Amino acid sequence: MKLERVEIVHVAIPLVTPFRTSFGTMTTKDTFLLHVVTDVGEGWSEFAADPEPLYCSEFVAGAEIVLRDFLLPRLAALPTVTTAGLAPALAKVKGHELAKAALETAVLDAELRSYGMPLAVYLGAVRDRVPAGVSVGIKGSVAELLDDVSRYLDEGYVRIKLKIEPGWDVEPVRAVRERFGGELPLQVDANTAYTLADAEHLRRLDEFGLLLIEEPLEENNLYGHARLQERLSTPVCLDESLHNARDTASAIAMDACRVVNVKPARVGGYLEARRVHDVAHAQGVPVWCGGMLETGIGRAPNLALAALPGFSLPGDTSASSRYFAEDITEPFVLEEGHLPVPGGPGIGVEPLPEALRRFTVRRGELYRG
Ligand code: SMG
Ligand code: MG
């Protein structure tokens, strides 16, 4: 396959409701799409991070430079471009997994479309629909939180995740348990907001029978997470700290996590995400698919991944309406608590030209052969 052109499309799409985490509040999905044009067809992908480096070190403006100046020249220098050859060609560029993932996914989409193969088939999916959880942000009051959770349960979501931070943890979890009962699949995500000195406090969550506590401590602190896990009966799940399959194997071996959040972008793309799944699954460690409030372009390939056999817990793969009044693809709609795995070639979706035009804030060319 020959790379002919790579276009960047910056989009800004209002969220239906602000999303507050321990590191900030988001009101708009502000990111870019990559559009790759090759001699065998075209592909699309979405960059997963935000304009500010708060969830992780990567950010929108930085990723554009990395793609244009460091990743695309290396990819274009290959005699022939393939998805399998992409990661090795980019390996000398340190880090920047989310930027690499965006490039790999667009190339993968183009390549699979040229074979007429759906991503789910390529990855080894065993389901054609996947159960949907929902991630509920930090709210101004417990009453507001209970209203939101109640609405999501009415819509059919099968698992609730509460964002927590110091000062918003035991009380909201207790309130949700009291109101919705002990059977509700419930988990929490701290996005690195605690330290090991908070271990005794976090132990108070053990009484609520949570599925997991996600990334309680600092990013990359595997040792600290292992020490914390010794003191908690709630399973620790890692998100920010896992950048590849090797990290995942190390974390499992150290008992730094008993559950794994797989975000393809965070590990450099779907090929590595499948390896993360394989490593965890081989050890009997459950995995689930994380989310970055993606548009349909990012959501579609996540649903394909979430259909692999080791994804035994519902993901943060919610319906389009949980995020946007209008998406840039055909919306993903919840049916009996599940979302369909796209069945078309490649990622199975494309931007709707009219919606894309309205949400586009800037377009540019990152490469022309
Ligand atoms: O996509 O529904 C979603 C959001 C899920 O909570 C979510 N993502 O740490 O797992 C996480 C966060 C990261 C994004 S916060 C802007
Ligand atoms: Mg998380």
Side-chain angles (χ1 to χ4, degrees), residues 16-22 127 129-191 193-194 198-216 228-229 231-239 257-261 284-291 293 303 306 310-319 321-323 332-339:
V16 287
T17 170
F19 186 60
R20 181 173 154 204
T21 65
S22 62
R127 292 180 268 268
R129 60 177 210 160
V130 294
V134 62
S135 175
V136 187
I138 295 167
K139 301 288 163 183
S141 70
V142 167
E144 210 184 315
L145 176 73
L146 294 177
D147 280 354
D148 277 18
V149 171
S150 165
R151 191 164 36 80
Y152 289 133
L153 292 175
D154 287 347
E155 286 175 30
Y157 287 103
V158 300
R159 179 277 271 155
I160 298 290
K161 160 166 139 181
L162 304 182
K163 290 293 193 178
I164 58 167
E165 65 181 2
W168 181 265
D169 43 35
V170 176
E171 194 199 346
V173 170
R174 184 187 305 282
V176 169
R177 272 285 178 248
E178 279 173 3
R179 167 86 177 269
F180 302 102
E183 296 301 304
L184 170 69
L186 183 65
Q187 62 193 56
V188 294
D189 185 1
N191 288 109
Y194 298 87
D198 298 310
E200 276 314 294
H201 178 71
L202 292 173
R203 241 154 72 91
R204 296 178 58 200
L205 292 171
D206 280 348
E207 68 172 284
F208 301 110
L210 300 176
L211 290 170
L212 56 94
I213 177 169
E214 185 178 344
E215 199 72 25
L228 180 66
Q229 181 68 88
R231 295 167 70 176
L232 300 186
S233 61
T234 305
V236 171
C237 170
L238 290 176
D239 173 2
C257 69
R258 294 180 182 171
V259 184
V260 171
N261 172 333
V285 170
V287 309
W288 55 282
C289 185
L293 301 107
L303 292 168
F311 283 77
S312 51
L313 292 171
D316 284 343
T317 42
S318 312
S321 63
R322 184 258 173 264
Y323 312 94
F332 284 95
V333 179
L334 202 62
E335 251 181 61
E336 297 168 339
H338 289 67
L339 288 185

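Remember, predicted model here, so these are calculated numbers, not experimental data.
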Quick one: pull up [atom1] in [X] and [atom2] in [Y] and give me the separation to the nearest 0.5 Å.
{"X": "I164", "Y": "D169", "atom1": "CD1", "atom2": "CG", "value": "5.5 Å"}
{"X": "Q229", "Y": "R258", "atom1": "CD", "atom2": "CZ", "value": "3.5 Å"}
{"X": "H338", "Y": "T317", "atom1": "NE2", "atom2": "OG1", "value": "10.0 Å"}
{"X": "L153", "Y": "R179", "atom1": "CG", "atom2": "CZ", "value": "9.5 Å"}
{"X": "L228", "Y": "D198", "atom1": "CG", "atom2": "CG", "value": "9.0 Å"}
{"X": "N261", "Y": "C237", "atom1": "CG", "atom2": "SG", "value": "5.0 Å"}

Could you pull out every donor-acceptor pair under 3.5 Å between side chains of residues 206-213 and any protein atom, sequence neighbours left out?
| residue | atom | partner | partner atom | Å |
| --- | --- | --- | --- | --- |
| D206 | OD1 | S233 | N | 3.2 |
| D206 | OD1 | S233 | OG | 3.4 |
| D206 | OD1 | T234 | N | 2.9 |
| D206 | OD1 | T234 | OG1 | 2.6 |
| D206 | OD2 | S233 | N | 2.9 |
| D206 | OD2 | S233 | OG | 3.3 |

*asked:* Evaluate F311 against V130 for side chain to side chain contact (heavy atoms under 4.5 Å, CB included), listing each step before the verdict.
replied: CA-CA 9 Å; F311 283 77; V130 294; over 6 Å; no
*Positive for salt bridge (Lys or Arg N to Asp or Glu O under 4.0 Å) with D148, one of R20, K139, K161*: K139
*What residues form a salt bridge (Lys or Arg N to Asp or Glu O under 4.0 Å) with E215, not counting sequence neighbours?*
none
*List the steps and the verdict of side chain to side chain contact (heavy atoms under 4.5 Å, CB included) for L238 and V260.*
CA-CA 6 Å; L238 290 176; V260 171; over 6 Å; no
*Shortest non-hydrogen contact between V236 and P216, atoms and distance*: CG1-CD, 4.3 Å
*Taking all heavy atoms of V158 and all of P131, pick out the closest pair and write down the distance.*
CG2-CB, 3.8 Å
*Is R174 salt-bridged to E171, cutoff N-O under 4.0 Å?*
no
*R129 and E335 ion-paired at < 4.0 Å*: no
Short side-chain to backbone donor-acceptor contact, [X] and [Y], under 3.5 Å:
{"X": "S318", "Y": "G133", "answer": "yes"}
{"X": "R159", "Y": "P314", "answer": "yes"}
{"X": "R322", "Y": "S135", "answer": "yes"}
{"X": "E165", "Y": "A193", "answer": "no"}
{"X": "Y157", "Y": "G337", "answer": "no"}
{"X": "E178", "Y": "G181", "answer": "no"}

*Crowding at CD, E336 (>12 non-hydrogen neighbours, <6.0 Å)*: no
*Go through W168 and L145 one step at a time and tell me if the side chain to side chain contact (heavy atoms under 4.5 Å, CB included) criterion holds.*
CA-CA 11 Å; W168 181 265; L145 176 73; 3.8 Å; yes
Any side-chain heavy-atom pair from [X] and [Y] closer than 4.5 angstrom?
{"X": "F180", "Y": "I160", "value": "no"}
{"X": "D189", "Y": "D316", "value": "no"}
{"X": "L232", "Y": "L205", "value": "no"}
{"X": "E214", "Y": "V188", "value": "no"}

